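The next block holds one structure in the form of structure tokens; read it before the comments.
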Amino acid sequence: MPVLEVSHLKKSFGAVHAVEDISFTVEAGEIFTIIGPNGAGKTTTLEMIEGLLPPDEGDIAFGAKKWSRNEEAIKNDIGVQPQSSALFDLLTVEENLKLFATFYDKSRPVADILEMINLTEHKNRHVKKLSGGQKQRLAIGLAMVNDPDIIFLDEPTTGLDPQARRNIWDIILRLKQLGKTTILTTHYMEEAEKLSDRVCIVDQGKVVTLDTPSALIDRLTKEREVRLSFLDGEQAAIETEAIAQRHPAVVRTVREGAALQIWTTQPEDTLYELFGYTKDRGYRVEQISIRELSLEDVFIAFTGKEWRD
Amino acid sequence: MAAKQFGAMFGAHLKMMFREKQVWFWSVFFPVILMVLFMIIFGGGGGSSEFKAKIAVVDASPNVSSGMLLEQIKSIPIFELTEGEPVTLEAGQTLVEEKEIDALIVLPEVEGTSEVGLIVNRENEGGATTQAISSIMSNFVQQANLAIAGVPPTYTLELESITTASEDTSYSDFLLTGMIGLSIAQGGLFGMGDLVDMRKRGLLKRLRMTPARMGLFGLSSMLVRLMLGIIQITILALVGVYGFGATLHINLLSLSVAFFAGALVFNAMGYLFSSFSKTMEAYMGMANITSMLMMFLSGIFFPVANLPEWLQVVPKVLPLSYFVEGMRDGLIYAEGIASSSFWIGMAIMAAWGIVCFLIAARLYKSQSIAATR
């Protein structure tokens, strides 16, 4: 059952076409991730969905509710964590949560939220004394005060260290367990791949592709990158490269000293043949790896752009 | 629901205000320091200090008339004669140069028609003390002339000081009420910086994502600001009354009217600045310039009448002049409600407030997208 339907959104700021045509549907209970390069229109799209910006064209529907008729009701149904963690610095963690709770018709107990965002210990601390990760967790906590069914998280982990990022992933996964729908934007491919049920890649104000992470990866060509390096020096690499180039599945090779990179559509076959050769000659292989395809490759394939964290 | 929300917002604003050290410094500590400094510099450190001028007299060749003049100078109570006796011209000039004395009076060397010299340090040439000494001396010489000519004075001057206050108004009272007015005005001018800060940090946008009523949010912030104003009035009044012997005659009604009108106009001005300031620095600069200009042109530290004539038109349009006037009506003159000048002042302030607010609201609306992004 879709909880959010966005169709043909369009938004321009003067001559800048921030969003040209964006449509998607979000199902109840899923983690839906929007990724795209800077300036792709992610935040503008989110702000239109969150009711902050009126779209020039297009339609946004939360079930039967629309911004034009049910503003108050929609605001009560959704929770938003904006990109800049906008918090009252001079209030404590608990005071921030309690203040926001009074804005809504219904609320989730503050103690519950403190526990979920793991800030119970720091509940009496002034926000300005919190670390970046703690602030971000509080911002997510504020998005949960009204116990919303749909939560928007706009780049919740940007600028955080790996441990703090993991803490936030845990919270997002907890929300999923609770049956909440999460709409996420992120700068980290790894994060999108780990958390998302579906990923929507946006570029130049348009949806480029939308599917589950694994389906997106499967759509890429089957060509994989294999890396080998030899203990017996350059000669072994030169000879092995020659053998590899004769294999029909190999597309191209690159050699640098004793290290070899081979692109092949059938990595197993190619490796079987190469290992037969190296065993015959007694060459010792130091390292071997098959690079996994990731969303990053999907992103590059679909947008033609290098991914920058 | 709305009451609960309002209560929570009020509580939050109150806590934020009490926890912000800057607020305490600029709205309470700083005005107190400023007032104390001005009181000490211009108010003679409290108490009732009299006007005294230190002088020295040169009587190079004592003669009958110079002797008579000397005796009479000695009998003028506000002249404090250095060493009690005449000095030489050189010694006297040195005293003037070193500013040991305010003036040197040189008595005539010969009997009959001659002049009485008055030597002052050029630095103090235009000062109030010099003016006073010179007018006393010219009056004195005049009288001496009349006496010599044997003409009895037709007119005599009798000085009596009156004021509109129930008792008399001292400089302490004047300055105290000026400072109270100034600090409340500054509270409004600078207080809206919060808004710039909140907008910059995305807090306004964040609140707009919730069903929170922004009107209530603004109102609760305003109420907290008014409370701070009352705290300012109380603290400054206590310091003024107990530290510097100011006397207040409070008319609560006119005080409240002036206070609310002032809060309105200066908050509206602050709101206007906030509407076109992208950064806190820009806002602060604007608030500083405005408050500086108004501070010296609105009769806070000295009466507007002391300004050069061509400049006197400026205080007549500035809201702070009317605000301070209104505060004085409510605090020391214990009048107002019945006087038309009070209401004209309030009306001018209200006009300022409404115009500022309307422009600001328009600017906010026209840049609402840019403002929240």
Side-chain angles (χ1 to χ4, degrees), chain A residues 11-14 18 43-44 46-54 56 67 70-92 94-107 126-129 135 138-139 142-143 145-146 148 151-152 154, chain B residues 1-25 191 193-221 224 228 278-280 364-373:
Chain A
K11 182 81 193 175
S12 305
F13 300 105
T43 300
T44 306
L46 272 193
E47 287 188 348
M48 286 191 280
I49 299 172
E50 292 158 2
L52 289 173
L53 281 178
D56 294 343
W67 280 110
N70 317 89
E71 181 171 339
E72 186 104 359
I74 296 174
K75 281 181 173 175
N76 268 299
D77 286 347
I78 65 171
V80 180
Q81 173 258 311
Q83 217 175 88
S84 59
S85 57
L87 308 163
F88 289 102
D89 278 355
L90 287 168
L91 296 182
T92 66
E94 195 178 22
E95 285 164 353
N96 264 285
L97 288 167
K98 283 187 168 164
L99 175 64
F100 273 75
T102 63
F103 300 160
Y104 295 94
D105 293 341
K106 62 182 164 96
S107 59
H126 288 183
V127 168
K128 64 175 176 189
K129 294 197 173 125
K135 279 187 189 169
L138 175 57
L142 290 178
V145 282
N146 53 330
I151 297 180
F152 294 88
D154 196 358
Chain B
M1 179 63 206
K4 191 177 145 213
Q5 200 177 107
F6 182 74
M9 286 167 170
F10 183 77
H13 278 300
L14 199 64
K15 282 175 195 153
M16 288 191 280
M17 188 192 81
F18 274 89
R19 287 172 191 172
E20 180 62 85
K21 289 180 195 76
Q22 293 240 10
V23 169
W24 288 110
F25 181 80
D194 289 0
L195 214 56
V196 178
D197 189 48
M198 281 182 62
R199 186 172 64 196
K200 210 173 149 222
R201 294 193 301 129
L203 257 169
L204 287 185
K205 192 159 89 175
R206 180 68 187 88
L207 289 175
R208 277 179 50 213
M209 294 169 182
T210 72
R213 283 175 210 163
M214 296 306 281
L216 288 184
F217 190 80
L219 191 67
S220 60
S221 155
V224 169
L228 181 67
K278 292 244 156 35
T279 62
M280 201 65 176
Y364 262 103
K365 200 164 182 189
S366 73
Q367 354 160 307
S368 66
I369 290 170
T372 54
R373 281 179 70 75

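Convention: sequence-line order gives letters A, B, ...; per-chain numbering from 1. Just so it is clear, the model here is predicted, and its values are computed rather than measured. When reading the values below, keep in mind they use all heavy atoms of this one structure, side chains included, and skip hydrogens, waters and symmetry mates.
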Taking every non-hydrogen pair under 4.5 Å, which of B:Gly7, B:Gly11, B:Ala12, B:Pro211 racks up the most with chain A? B:Pro211

What distance do B:Arg19 atom CZ and A:Glu95 atom CD have between them, rounded to the nearest 0.5 Å? 4.0 Å

Supply the atom-to-atom distance A:Asp89 CG to B:Asp197 CG, rounded to the nearest 0.5 angstrom. 8.0 Å

Which region of B:Met9, side chain (C-beta onward) or backbone (N, CA, C, O), has a non-hydrogen atom less than 4.5 Å from a non-hydrogen atom of chain A, or is it both or neither? both

Can you tell me how far the CG atom of A:Leu87 sits from the CG atom of B:Leu203, to the nearest 0.5 Å? 7.0 Å

Quick one: are B:Lys15 and A:Leu90 in side-chain contact, heavy atoms under 4.5 Å? no

Please report the interatomic distance NE2(A:His126) to CE(B:Met16), rounded to the nearest 0.5 Å. 11.5 Å

What's the spacing between B:His13 NE2 and A:Leu91 CG if we round to 0.5 Å? 9.5 Å

Which atoms of A:Phe152 are under 4.5 Å from chain B, going by heavy atoms: the side chain, the backbone, both sets, or neither? neither

Contact class of A:Leu142 relative to chain B, heavy atoms under 4.5 angstrom: both

Side chain, backbone, both or neither: which part of B:Leu207 has a non-hydrogen atom closer than 4.5 Å to chain A? side chain

B:Arg208 vs A:Val80, side-chain contact (heavy atoms from CB on, under 4.5 Å): CA-CA, chis, key distance, verdict: CA-CA 11 Å; B:Arg208 277 179 50 213; A:Val80 180; over 6 Å; no

Any idea which heavy atoms bring A:Thr102 and B:Lys4 closest together, and the distance? CG2-CE, 4.1 Å

For B:Phe217, is it the side chain, the backbone, both or neither that has a heavy atom under 4.5 Å from a heavy atom of chain A? side chain

Counting neighbours of NZ on A:Lys129 that are heavy atoms of other residues, nucleotides or ligands and sit closer than 6.0 Å, is the number greater than 12? no

Closest heavy-atom pair, A:Glu47 versus B:Lys205, reported as atoms and distance to 0.1 Å, is OE2-NZ, 2.6 Å

Check step by step if side-chain contact (heavy atoms from CB on, under 4.5 Å) holds for A:Phe100 and B:Arg206. CA-CA 10 Å; A:Phe100 273 75; B:Arg206 180 68 187 88; 3.9 Å; yes

For a quick test of reading the model, state the closest non-hydrogen atom pair linking A:Ala86 to B:Gly202 and the distance between them. CB-O, 3.4 Å

